[in-house]
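In what follows, chains are A, B, ... by sequence order, proteins preceding strands, each numbered from 1. Owing to the predicted nature of the structure, the values given are computational and were not obtained by experimental measurement.
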Protein chains: 2
Amino acid sequence: MSAAAPEGYDPSAFEPFAVTVDLAVFTVRESRLHVLLVERGAEPYQGHWALPGGFLLPRESAGAAARRELAEETGLSDDTVSGLHLEQLRTYSEPDRDPRMRVVSVAHTALVPDLPEPRGGGDAAGARWWDAARTGPLAFDHDRILADARDRVGAKLEYTCLATAFCPPHFTLGELQQVYETVWGVELDRPNFRRKVLATPGFVRPAEGAPRRTGGRGKPAALYRAGDATALHPPLLRPEGRQA
Amino acid sequence: MSAAAPEGYDPSAFEPFAVTVDLAVFTVRESRLHVLLVERGAEPYQGHWALPGGFLLPRESAGAAARRELAEETGLSDDTVSGLHLEQLRTYSEPDRDPRMRVVSVAHTALVPDLPEPRGGGDAAGARWWDAARTGPLAFDHDRILADARDRVGAKLEYTCLATAFCPPHFTLGELQQVYETVWGVELDRPNFRRKVLATPGFVRPAEGAPRRTGGRGKPAALYRAGDATALHPPLLRPEGRQA
DNA sequence: TCAAAAGTGTTGGTCATACACCCATGC
DNA sequence: GCATGGGTGTATGACCAACACTTTTGA
């Protein structure tokens, strides 16, 4: 905040901005990182795909707006959405990022388990999951936002426990490992991954009493739930990151 | 961006927001982490101290506004400021964070070497460095922003090379170690710290041909300059972080 | 000659990697 | 039985923390 500039009191003395949120909603399906995109139904960028998002309501924080938009775009209930992982990515404020007017957008990243196909609600012409590595050119500066979001997600898996956000409430360690391998694009050693996860207090806890589940054929795997921990100390580094 | 909502074209259909930047400018002086604060000269929060900041100009990005404000508040030349480390922290958008109107603020963090006292320019009643651990209650939500910024800086030292941003162009390894010890509030083993830094390619490079400098008494230390690397692989973890 | 700070060497423990190997299930 | 995925054991090696020791300056 500017320190007590008189013009602070006069709404006409500063440029009015529109403030929006944009959402990079990721999920892991079929061993690929997917992102939720909506098809624009009007100019500008009509027919292009874009990240979902929308304007802040008059008395709404950016976080609340992001959660509201996430519920609208995914068709999930507010209760379900309130439990999903959603965090601010960064704010994009280049003067010409929207050809219509001055729009400052607070981008957010959401990690969700594999959900049913979105119903494409709201004002979008369509909505679907896209392979995050194979999106065409997106509207506005959304290519950049998406790239930033992918980088952030990859980095966050190293030193936080939020890989579990990609998993359903009960999951196997194999599924959790799949998340890492998919996001990072590498293969991990299963025994070592297992030890690392179980040795980190609060990363996962056994889903006690739950039966075992099969991933097709093979031995049924024990089920786990996400733990209380958020940080991962020491971190779980990407194999490439080790030598650099 | 909302996908082609008609009201996107009509400036009267959405709430006008003011957009500002706030700056958490850190430096290390006298073995304490310091933050630059300005004294507010008018209501609200007259007489309180606050983070420096100000409104975005009509065709200015948040990053450009932050750099401009940083130059104004520190009294440094634009050239000097352009070389300093400045990065976005996060955006604060609670509806009532400013009692006057709806203000969305894009907070930034800057790391600077020990600079001369600020001249308190601009619209502030005063400006000075404060021990970052002993700031009184600040104006607006700036206590929260400052706390977030301190956390971020501490975390960033673990996995990036930007501790050098706190140092002058030529510095000794002892000075670099002081930065870590000050920000983290711990003591580090000098031989191990030294090895770790020198073993990380691109963290520092010798200031070739430069003479040696003394930090008072004791053996003169070799001088180094910041290297090209930004990431720190593997990270340099805080001692506390090891067991958790 | 002593204190203080820079710089080098060494060692022991811990942790990760890379495997080998057993278990349980579907076909 | 055999393929497939879950789960356990283990040894080699890398790395890190701790600390002893030498070097170079100012007083």
Exercise. Measure the distance from NE2 on B/H233 to P on C/dA16 and round it to the nearest whole Å.
Key: 16 Å
Quiz prompt | Rounded distance in Å - CD (B/E158) to P (D/dC16) | solution = 14 Å
Practice problem: Consider the side chain of B/P191, meaning its heavy atoms from C-beta on, and name the nucleotide among D/dT8, D/dT24, D/dC19 that approaches it most closely. | Solution: D/dC19
Quiz item: Within this structure, what is the CD-to-P distance between B/E187 and D/dC19, rounded to whole angstrom?
Solution: 13 Å
Exercise. Among D/dT24, D/dG9, D/dG26, find the nucleotide with the atom closest to the side chain of B/K219.
Key: D/dT24
Quiz prompt | Base C/dA16 paired with A/D189 side chain (donor-acceptor, <3.5 Å) | solution = no
Quiz item: Can you tell me how far CG of B/D151 sits from CG of B/L146, rounded to the nearest 0.5 angstrom?
Solution: 9.5 Å
Quiz item: CG of A/L188 versus P of D/dG7: gap in Å, rounded?
Solution: 16 Å
Quiz item: Between A/D141 (side chain) and A/R144 (backbone), is there a donor-acceptor pair under 3.5 Å?
Solution: no
Quiz prompt | Rounded interatomic separation in angstrom, taking CZ from B/F193 and P from C/dA5 | solution = 16 Å
Quiz item: For the pair made of CG in B/L237 and P in C/dA16, what is the distance, rounded to whole Å?
Solution: 11 Å
Quiz item: Less than 3.5 Å between a donor and an acceptor, one on the side chain of A/R190 and one on the base of D/dG5, is that the case here?
Solution: no
Quiz item: Between A/R29 and A/L115, is there a donor-acceptor pair closer than 3.5 Å when you use the side chain of the first and the backbone of the second?
Solution: yes
Quiz item: Rounded to the nearest 0.5 Å, how far apart are CG of A/L23 and CG of A/L70?
Solution: 6.0 Å
Quiz item: When the distance from CZ of B/R238 to P of D/dC16 is rounded to whole Å, what number comes out?
Solution: 18 Å
Exercise. Would you tell me if any nitrogen or oxygen in the side chain of A/K196 comes within less than 4.0 Å of OP1 or OP2 on C/dA16?
Key: yes
Quiz prompt | Comparing B/G174 and B/N192 on DNA chain C - which has the more 5′ nearest nucleotide | solution = B/G174
Quiz prompt | Spacing of A/F166 atom CZ and A/T182 atom OG1 [to the nearest 0.5 Å] | solution = 9.0 Å
Exercise. Rounded to the nearest angstrom, tell me the gap between atom CG in B/L198 and atom C1' in C/dG9.
Key: 15 Å
Practice problem: Establish, with yes or no, whether the OP1 or OP2 oxygen of C/dA6 is under 4.0 angstrom from a side-chain nitrogen or oxygen of B/R194. | Solution: no
Quiz item: Got a donor-acceptor pair under 3.5 Å from the side chain of B/R195 to the base of C/dG9?
Solution: yes
